[in-house]
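Below is one structure, written out as structure tokens; the observations come after it.
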Amino acid sequence: MLKAMRASQTLIPTLKETPAEAEVASHVLLLRAGFIRRVAGGLYTWLPLGLRVMRKIEAIVREELARFGAQEIQMPVVQPADLWRESGRWDVMGPELMRMRDRHERDYAMGPTHEEVVTDLVRRTVDSYKQIPLNVYQMHTKFRDEIRPRFGLLRAREFLMKDGYSFHLDEASLDRTYRDMYDAYTAILKRIGVDFRVVEADAGTIGDGESHEFQVLAESGEDLMAYCPNSGYAANVEKARALAPEPSDERPDSLGKVATPGARTIADIAALLRVDPARCIKTLIVRGAEGPWIALVLRGDHELNETKAARLPPVAAPVTFADDAEVEAATGCPIGSIGPVGLELPVYVDRSAAAAANCVCGANEEGFHLTGVNWSRDFADAEVVDIRNVTEGDLSPDGCGELAFARGIEVGHIFKLGDKYSVPMRLTLQDGAGVETALIMGCYGFGISRLVAAVAEQCHDDDGIVWPASIAPFNVHILALDYANPDVAAAADSLYDACIDAGMDVLFDDRDERPGVKFAESDLLGIPHRITVGARSLARGLVEYKRRADTERVLLTPAEAVSRIASD
RNA sequence: CGGGGCGUAGCGCAGUCUGGUAGCGCACCACACUGGGGGUGUGGUGGUCGCCGGUUCAAAUCCGGCCGCCCCGACCA
């Protein structure tokens, strides 16, 4: 990568106005600062400055992974369908998997991830247990045909990801590598200098084992995390366990039935009967994995956690809600008046709803609700499960305090895969005792291109991006306010050379632009250190130094400015 | 895929309701002034009005279909 560039000879197409296509800060700023350009939905071209940021992240990732013995390889984007059929994912993956056919009518996938290819590699190349554990990774373009690409680079269809895979004979070995990758990701994000949080995560369809996400904190993040300020507990809300509440010691009232004409929602019922929504019970009808329909019961003030619900074996994954007609067909009663008491469907009740006393719920008769409803007496057949989202203020699962919420952008995700791929793809080795054993695997993803946007999302102000020095496209931005002035040009040129000699990455704005343009664009680009060379202060032999993150400006000699930056 | 919004010059927009010469700001080119926070003036360049079809003497404008983009939802190793 070139250390130094002149702005007059570099493609930096800045925009004064926000393009209509962009909404979120990172997308707006990366477009305006000339880092990226959109080609089509979810597809972007990386321009020189954007690419420099991405390359710097790559370099940091490589260095940190090398410390833990991970080996870099590169696998093809285009992958034969046969491998995907072997793992079973050819049929399981939906349209998100981009499929294509070659001239011989053979099927291929555009790799969204590389478990199949890497598993195939290892079974062909590793002959003895003495060659493992093995930890390999690549940094490569991934393709996922997202339903809705959005937020610029944050949810693109084609993106750069570091994906790593490890292979082990036993859990203890997998645990060690998993921990190493956990530590490596932590080191990478610390070194880059973003605020982040590591949270327990749901492994989704990729595995059933332990899993952690690395979330860059940002208000605009798509992920919601629950954490306990008093302890280390932190989990994606998808995953965060809701504790079982103490059962109520209230005496159960007798069941009553009241007319509730026209009331359809919990809010309607709570207002009409003047009860707390926490004393209302809602019943959701979802598609069953085999049978027709399943009822899920929650307290009125709680939300269904679809990830948890989808993990109930009788519930079809992903969770699919019955529509109005299907509810009526399944229960004989329209949405708004259904309830768990006497319902002729399998019923699962959330722990909190089961613990609530004397509740209101639908009577399974249009326009009527029951009062004084108690799980233990009135629908005790229902199995008690954890299927709700935790809420702010809930007791932390470790009992150390109350949960608080934060939003984040997922930039890393590590999984223990177990034998999910090694068994169907017959990846086995003889262990030391000569017993043929399926290997177990770990998988470690890190979104390089997404991190570029996540950092911009977190590190910006009203004027533009404020890059951390670790990944800024350049470290120093020299502005020659009037390059046509021979004195300014001479001073700026020699300052430029001095920065190069000092080993700095420097962008030199030598263009014939007005000062205001140069200042505004400099703020937009977000290079950490700015040195302004103008005729006015140069008359006293001085230049102006300013950090992008600060408001303070100081006048220094050129040599002082360089050493100031060098010692930063 | 469901709901909403949008598509007119490289970018940001007006004009569409009520059919009749395609406009404004920025950018770009030339010249002059200016020169420490997106400067001023004068003169220019640049548009199949997303695409296809229909109605009409006449369509950016009305009608039908399609495509694309953005937002919300669903979805998401």
Side-chain angles (χ1 to χ4, degrees), chain A residues 13-24 27-28 31-32 34 37-43 84 87 89 92-97 109 111-116 118 142-152 154-157 159 161-165 201-207 211 213 222-223 236 238 306-307 310 317-321 323 410 412-415 417 420-421 441-447 450 463-464 479-485 488 511-524 530 532-539 542-544 546 551 553 555:
Chain A
T14 59
L15 299 170
K16 218 149 127 180
E17 291 177 281
T18 300
E21 75 192 57
E23 193 81 11
V24 296
H27 193 193
V28 169
L31 284 169
R32 284 194 52 210
R37 275 295 126 96
R38 191 184 72 89
V39 174
L43 303 173
W84 286 76
S87 71
R89 289 209 291 180
V92 173
M93 295 277 288
E96 189 186 79
L97 180 65
T113 175
H114 283 66
E115 283 83 2
E116 282 80 2
V118 78
K142 297 285 179 288
F143 193 93
R144 292 184 196 175
D145 198 1
E146 294 279 353
I147 296 174
R148 178 149 93 90
R150 57 178 147 177
F151 307 140
L154 289 174
R155 185 164 294 278
R157 289 195 292 173
F159 54 96
M161 180 166 108
K162 172 259 154 181
D163 50 324
Y165 309 88
D202 184 80
T205 53
I206 197 173
S211 172
E213 287 169 352
E222 290 188 272
D223 286 308
N236 194 310
E238 286 183 350
E306 296 189 25
T307 304
V319 170
T320 314
F321 290 99
D323 64 26
E410 177 190 347
H413 199 160
I414 59 178
F415 304 82
L417 296 177
K420 187 179 166 105
Y421 297 90
M441 296 168 57
C443 153
Y444 317 98
F446 193 93
R450 178 182 276 185
D463 297 319
L479 310 189
L481 290 192
D482 183 5
Y483 198 61
N485 175 325
V488 170
R511 299 170 306 161
D512 179 21
E513 289 289 351
R514 294 181 58 81
V517 173
K518 297 197 172 194
F519 287 126
E521 290 196 0
S522 180
D523 288 344
L524 189 58
R530 186 182 84 188
T532 306
V533 183
R536 212 157 70 185
S537 38
L538 197 60
L542 300 174
V543 296
E544 181 200 88
K546 179 182 172 297
T551 51
R553 306 160 189 202
L555 292 174

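So that the names make sense, note that chain A is the first sequence line, chain B the second, and so on, each numbered from 1.
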Using atom CZ of Phe519(A) as one end and atom P of rG36(B) as the other, report the distance to the nearest whole Å.
9 Å
For atom [atom1], what is the distance between [N] and [M], given to the nearest Å?
N       : M       : atom1 : answer
rC63(B) : rU21(B) : C1'   : 25 Å
rC11(B) : rG4(B)  : C1'   : 25 Å
rA27(B) : rG10(B) : C1'   : 7 Å
rG12(B) : rU18(B) : C1'   : 27 Å
rU45(B) : rA9(B)  : C1'   : 11 Å
rC51(B) : rU8(B)  : C1'   : 15 Å
rG7(B)  : rG39(B) : C1'   : 33 Å

Counterpart base for [N], defined by Watson-Crick or G-U wobble contacts under 3.5 Å:
N       : result
rC62(B) : rG54(B)
rU40(B) : rA32(B)
rG68(B) : rC6(B)
rG73(B) : rC1(B)
rG25(B) : rC11(B)

Given [options], which nucleotide is nearest the side-chain atoms of [X]?
X         : options                   : answer
Glu21(A)  : rG35(B), rC76(B), rC70(B) : rC70(B)
Pro19(A)  : rG36(B), rG12(B), rA74(B) : rG12(B)
Phe151(A) : rC71(B), rA74(B), rG37(B) : rC71(B)
Lys16(A)  : rC76(B), rG38(B), rA74(B) : rG38(B)

Nearest heavy-atom approach of Pro149(A) to Gly42(A) is CB-CA, 3.8 Å
Minimal heavy-atom distance between Tyr444(A) and Lys162(A), with the atoms involved, is O-NZ, 3.4 Å
N-O pairing of Lys420(A) and Glu115(A) below 4.0 Å
no
Contact class for [X] (heavy atom, under 4.0 Å): base, sugar-phosphate, or nothing?
X         : answer
Gly94(A)  : nothing
Glu222(A) : nothing
Asp523(A) : base

OP1, OP2 of [N] versus side-chain N and O of [X]: anything below 4.0 Å?
X         : N       : result
Arg148(A) : rC71(B) : yes
Arg150(A) : rC72(B) : yes
Arg514(A) : rU40(B) : no

Tell me which of Ala535(A) and Ala20(A) sits closer to the 5' end of RNA chain B, going by the nucleotide each one is nearest to.
Ala20(A)
Select from Ala22(A) and Val319(A) the residue whose nearest nucleotide in RNA chain B is closer to the 5' end of that strand.
Ala22(A)
